[in-house]
Amino acid sequence: MRVEKIALNGFRNYEWETAEFAPDTNVITGPNAQGKTNLLEAVYMLSAGRSFRTRFDKELIGFGYSAAEILAEVYSHDRPQSIRLLMQPGQAKKIQVNGVKKTAGELSAVVNTVLFCPDDLNLIKEGAAVRRRLMDNAISQIRPRYAEVLAEFNRLYEHKSRILKDWREKPSLLDTLDEFSDAMARASAHLIRYRASFAERLQEAAAPIHREFSGEGEALSLRYCTVSTVKDPGASVRDIYYDICDHQERHRQAELEAGQCLTGAHKDDLEISINGRPARSFASQGQTRTAALSLKLAEREIFLAETGEYPILLLDDVLSELDTRRQEFVLNRIGGGQTLITCCEDEGISQRTGGKVLFVEKGRIKTN
Ligand code: ATP
Ligand code: MG
């Protein structure tokens, strides 16, 4: 799948601008603060219906504008399709595909993206939250049902956390605690089942990519970690649920004392090892970057297997963090799908790619 054309109207620093993309590599270059990431953000929104930089749609509306609009022509599932997103202050975002109203969740049936941004370089070394986000974003795009369960889980988690925090001042809150715990256990069981199978597929796809990309034949392996009483995260949802209930019962008192949720899928992690050693503690900078990018490229392979098409790969500002050999790999050897790469003009990167170069300055886009 690919994005062929985009028009931005009052979106971020774009007053009214259009861009056309090549079906393979596109390098988006220009000085700082000119709109490179904004352009990538707009393409990301075609697949997710939301930004990767803000939760607030009003931030997407150009200063002094009353609405922001993204119009795109994409080619996916063997046909041209049009997508329109309209953001207006105080109103729900409007999304249309081929003129038909859709929800944000439904966009993933039309376009998929895999985003790699500077934050993802910390995928290996940082806390578990970034790795959960990787799983959540990828699975939500492949399995719309997962996104629904995740939203439900987050709602339950917030509600239960509030009960655990405030029950001393308001003991009547405890009346509903067990009900919330049970609902959270059920939602967790579903999430865990999905995540376990995703982690397995990610491991299968990432290991060969990392072996080649590292140039050292390094072995990358992943281990999905969840609630300690879950004996087999690949078991049936029912079995997982019972295992979680077991944990819940044992930790009920501790939850009340700690004032926070101790049982559930909110602390899951994906433990990453290189040559058998936990990457979080032992990997070098270069190794962690290579591993992070391998995981993203593996995500692409999973989408291909699921949908029959490569998703659009969006790389924001990550090239400067890679050495020349790896830059070369990213610029010219990621085959198969469309890639949009942003980088600063002074890095001379645009001269080293055979792809299309888009030059961005003050919200205007010029092509060579
Ligand atoms: P860098 O190389 O530093 O990453 P960039 O080209 O990726 O720069 P962007 O993140 O795309 O830069 O942002 C470009 C500009 O957009 C910034 O100057 C920012 O102030 C501006 N901007 C952000 N949101 C809005 C908005 N809602 N309305 C108008 N301008 C905005
Ligand atoms: Mg940027």
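Quick note: numbers below take in every heavy atom, side chains included, and nothing from hydrogens, waters or symmetry partners. Numbering of ligands and ligand atoms starts at 1, following listing order.
The protein heavy-atom contact nearest to atom 26 (C) of ligand 1 is Phe63 CE2, 3.3 Å.
Each of the following atoms of ligand 1 lies closer than 4.0 Å to a heavy atom of Asp317: 4 (O). The ligand atoms of ligand 1 that sit less than 4.0 angstrom from a heavy atom of Cys344 are 2 (O). Ligand 1 places these atoms under 4.0 Å from at least one heavy atom of Asn38: 9 (P), 10 (O), 11 (O), 13 (O), 14 (C), 15 (C), 16 (O). Residue-ligand proximity, Arg12 to ligand 1, at heavy-atom distances under 4.0 Å covers atoms 23 (C), 24 (N), 25 (C), 26 (C), 27 (N), 28 (N), 29 (C), 30 (N), 31 (C). Near Thr37, with a cut-off below 4.0 Å to any heavy atom, the atoms of ligand 1 are 4 (O), 5 (P), 7 (O), 10 (O), 11 (O). Atoms of ligand 1 found under 4.0 Å from any heavy atom of Ile61, numbered from 1 in the order shown, are 26 (C), 27 (N), 28 (N).
The residue among Thr29, Asp316, Asn13, Asn32 with a heavy atom at the shortest distance from atom 3 (O) of ligand 1 is Asn32.
Gln327 contributes a side-chain N or O that, together with a main-chain N or O of Leu322, makes up a donor-acceptor pair within less than 3.5 Å. The backbone N or O of Leu202 lies less than 3.5 Å from no partner atom in the side chain of Glu299, so there is not a single donor-acceptor pair. Although no hydrogens or angles enter the test, the distance criterion places a donor-acceptor pair under 3.5 Å between the side chain of Ser76 and the main chain of Val110. Side-chain atoms of Asn112 come within 3.5 Å of backbone atoms of Ser108 as a donor-acceptor pair (strictly under, hydrogens ignored).
The proximity of Glu59 to ligand 1, defined as any non-hydrogen pair under 4.0 Å, is limited to the backbone.
The Mg ion (ligand 2) has an N, O or S atom of Thr37 closer than 2.8 Å.
The shortest N or O to N or O distance between Gly35 and ligand 1 is under 3.5 Å.
Side-chain atoms of Ile95 and Glu106, non-hydrogen and from C-beta on, never get closer than 4.5 Å to each other. Contact check for Pro89 versus Tyr65: no side-chain heavy atoms found under the 4.5 Å cut-off.
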Under the salt bridge (Lys or Arg N to Asp or Glu O under 4.0 Å) criterion, do Arg326 and Asp323 qualify, and how do the steps go?
CA-CA 5 Å; Arg326 289 178 177 82; Asp323 65 25; 2.6 Å; yes
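Counting heavy-atom neighbours within 6.0 Å of Lys94 NZ, excluding the residue itself, gives a total above 12.
Residue Arg53 places a heavy atom less than 4.0 Å from ligand 1.
There is no protein heavy atom less than 4.0 angstrom from atom 19 (C) of ligand 1. At a distance under 4.0 Å, a protein heavy atom can be found next to atom 6 (O) of ligand 1.
In this structure, Asp269 pairs ionically with Arg131, as a charged nitrogen and a carboxylate oxygen lie closer than 4.0 Å.
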